[in-house]
**Q** 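The structure that follows is given in the form of C-alpha cells.
Nothing here was measured: the structure is a model prediction, and the numbers come from that model. Note on naming: letters A, B, ... go to the chains in the order of the sequence lines (proteins, then strands), and numbering restarts at 1 for each one.
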Number of protein chains: 2
Amino acid sequence: MSNKKDHQTRTNILGLTVPLFAQSGFDGVSMRDVAEEIGLTPAALYYHFKDKEQLYLETVKYAFQKKTTAAKAVVDMGSDPLKRLEAFITWFTKTLGKEKDFQKLMQWVLLDTDKARMQNLIKETFRDLFVSIQGLGESFKPKYDPHMLSISIIGLVVYHFETTEARKTLPGNKSSHDQPKTIARHVISLLRNGLMPAQPTLHTN
Amino acid sequence: MSNKKDHQTRTNILGLTVPLFAQSGFDGVSMRDVAEEIGLTPAALYYHFKDKEQLYLETVKYAFQKKTTAAKAVVDMGSDPLKRLEAFITWFTKTLGKEKDFQKLMQWVLLDTDKARMQNLIKETFRDLFVSIQGLGESFKPKYDPHMLSISIIGLVVYHFETTEARKTLPGNKSSHDQPKTIARHVISLLRNGLMPAQPTLHTN
DNA sequence: GTCTATACCATGATAGAC
DNA sequence: GTCTATCATGGTATAGAC
C-alpha cells in the first residue's frame, strides 16, 4: 500500500543525507541537522529509520551501489588488460572529480571507528568491484601480486582527490592537478612506464 | 617559574591524546574522555589548554613534527634520486607500520571539516617534508610533474596502510600484504618499472 | 506520516574553593 | 594545578496526538 510511498520518501531522504555524511562523517552530523536539511522534525526521521546508524548505513550503500556497479561494467569490458586498466582509470578519475560526495564517503568509511561496521560496508559495496580490478591485476602476475596491485592502482588515483584541498597549501600546486584528465594521464603513464628512463627516446623535437 | 613544569605536563597530556584523536578523530573524542584517560578532571584540562580545538591542534603537531623531521633527513641524504626514493619509501613504510597513530592522524587531518584548520596543519607539519620529496621528483622532469609525482608516491604507500582493515574482507588478502617490507618492495618495483614488461632498448628511429 | 512535547544523557566550558 | 559544582546547549530517541 503505502510501501511504495514510504520507499520513495526514504530514497528522497538518502539523497539529502549523502552530502551531509560525506562532508562531516557520522559523528559530525546530528539527527537534528538531518531533519532540518530534509524539512522534517527529528521524530519523523525515526519513522523511516530505526536509528542514526541505520540511516548512515543506508546512506553509504545508496551512494556507493550506483557507482560501483557502473565501475564494474567498465573494468569488465574489453580484453587487453592495459586498455581495460586505462579505461577504468579514466572512468574513475572522472567520477571522483564529479562526485565529491562519493569520494569523501569512501574516506569516512575507511576511518570508521567501528571496525565491524566498516568491514561490512566494504564487503557490501566494494567487494564486487575489487574482484573485477583484481582480475585485471592477474594479468601482471607473477611480477605483481594482484591484490597489492589493485590497492596500488586505486590508491594512486584516490590520493590525488583526497589531497585536493591539502595540496593548495603546498608548493608546485597548479589547478590543472585537480583535473580528472590530467590525473588520469599522469597515473596511466606512471603505471605503464614507471620512473626508469623508458625507451631511449626518439627525437621528439 | 612553573613554566617548565607546565610544559612537562602539557607534553605528558599530548602523549596520551595522540592515540585518542588518532582512533576517533576530533568529533569522536570528548574532553571527558581525554580527562579520564589522563587521570584528571575536565576542568583541569582547561588550565592547560584553552579549548578542545587547541588541544587537538597541539596533539596533531606534536605527533607529526617528530616524524616529518626524521623523514626529511632520510629524503635529503644521498645523491642518486632513485636510491633516495627507495630509502624514503623504506623508511615511510616502516614508520607507518610501526606508528599507527601517526598514520591515522594523517587520515583525519585530510578529512577535517574545517578547511582552514586543515590547511594550516598541513602547512605547519608537512610542507617541509613535501618540499624535499618534490625536490626528489624534480629528477624525473619533464616526464613527470614533480608535484603530482610526489602525491603519487605518498599515496601509493599510504593507501596500503589506510586499507589495512578494509582489505581483510577482500579476496586475495594475505597477512604479508601488511608488512612494511612487502609493501616497500611492491611500491618500489612498481615505481621503477611500471607494468610494461621491461623491454630491451630498441633503436627504431 | 508528521507533528508536539519531552525524557534523558553527553557535551564544552566556567566559577570559585583548596 | 587540580578539584567540586554547575550551566547552557545539543545529542539520540520515544510517546502519543492528529
**Q** In whole angstrom, what separates Asp27(A)'s CG from dT11(C)'s P?
**A** 10 Å
**Q** Among dT2(C), dT2(D), dT11(C), which is the nearest nucleotide to the side chain of Leu40(A)?
**A**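 That would be dT2(C).
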**Q** Using a heavy-atom cut-off of under 4.0 Å over every strand shown, decide if Val34(B) touches base, sugar-phosphate, or nothing.
**A** nothing
**Q** Nearest of dT2(C), dA15(D), dA13(C) to any side-chain atom of Thr9(A)?
**A** dT2(C)
**Q** Within this structure, what is the CG-to-P distance between Leu45(B) and dT11(C), rounded to whole angstrom?
**A**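 Spelled out: CG on Leu45(B) to P on dT11(C) is 14 Å.
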**Q** Might you confirm whether atom CD of Glu36(B) has over 12 heavy atoms from other residues, nucleotides or ligands at distances under 6.0 Å?
**A** no
**Q** Could you please name the option among dA13(D), dT4(C), dT12(D) that lies closest to any side-chain atom of Ala43(A)?
**A**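 Looking only at side-chain atoms, Ala43(A) lies closest to dT4(C).
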**Q** Nearest heavy atom decides the nucleotide; on that basis, is Asp33(A) or Lys50(A) closer to the 5' end of DNA chain D?
**A** Asp33(A)
**Q** Going by atom types only, do Lys72(A) and Ser132(A) share a side-chain donor-acceptor pair under 3.5 Å?
**A** yes
**Q** Could you check how far CD of Gln8(B) sits from P of dT2(D), rounded to whole Å?
**A**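 Rounded to whole Å, this separation is 12 Å.
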**Q** With the side chain of Lys52(A) defined as its heavy atoms from C-beta on, choose the nearest nucleotide among dT2(C), dA13(D), dT4(D).
**A** dA13(D)
**Q** Grab the OH-C1' distance between Tyr47(A) and dT2(C) for me, whole Å please.
**A** 10 Å
**Q** Calculate the interatomic distance between Met31(B) atom CE and dC7(D) atom P; express it in whole Å.
**A** 21 Å
**Q** Could you tell me the separation between the CZ atom of Phe49(B) and the P atom of dT2(D), rounded to a whole number of Å?
**A** 11 Å
**Q** Out of Lys67(B), Lys104(B), Lys94(B), which residue meets the salt bridge (Lys or Arg N to Asp or Glu O under 4.0 Å) rule with Glu99(B)?
**A**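 For Glu99(B), the salt bridge (Lys or Arg N to Asp or Glu O under 4.0 Å) check succeeds only for Lys67(B).
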**Q** Give the rounded distance in Å between these two atoms: CZ of Arg32(B) and C1' of dC7(D).
**A** 11 Å
**Q** Any base atoms under 4.0 Å from Thr41(A), or only sugar-phosphate, or nothing? Heavy atoms, all strands.
**A**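 Answer is base: heavy atoms of Thr41(A) come under 4.0 Å of a base.
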**Q** Which whole-number value in Å describes the distance from Tyr46(B) OH to dT11(C) P?
**A**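 Roughly 11 Å, once rounded to whole Å.
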**Q** Measuring from Ile151(B):CD1 to Leu170(A):CG, what's the distance to the nearest 0.5 Å?
**A**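 The CD1 atom of Ile151(B) sits 6.5 Å away from the CG atom of Leu170(A).
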**Q** Roughly how far, to the nearest 0.5 Å, is the CG atom of Asn12(A) from the CD1 atom of Ile38(A)?
**A** 9.0 Å
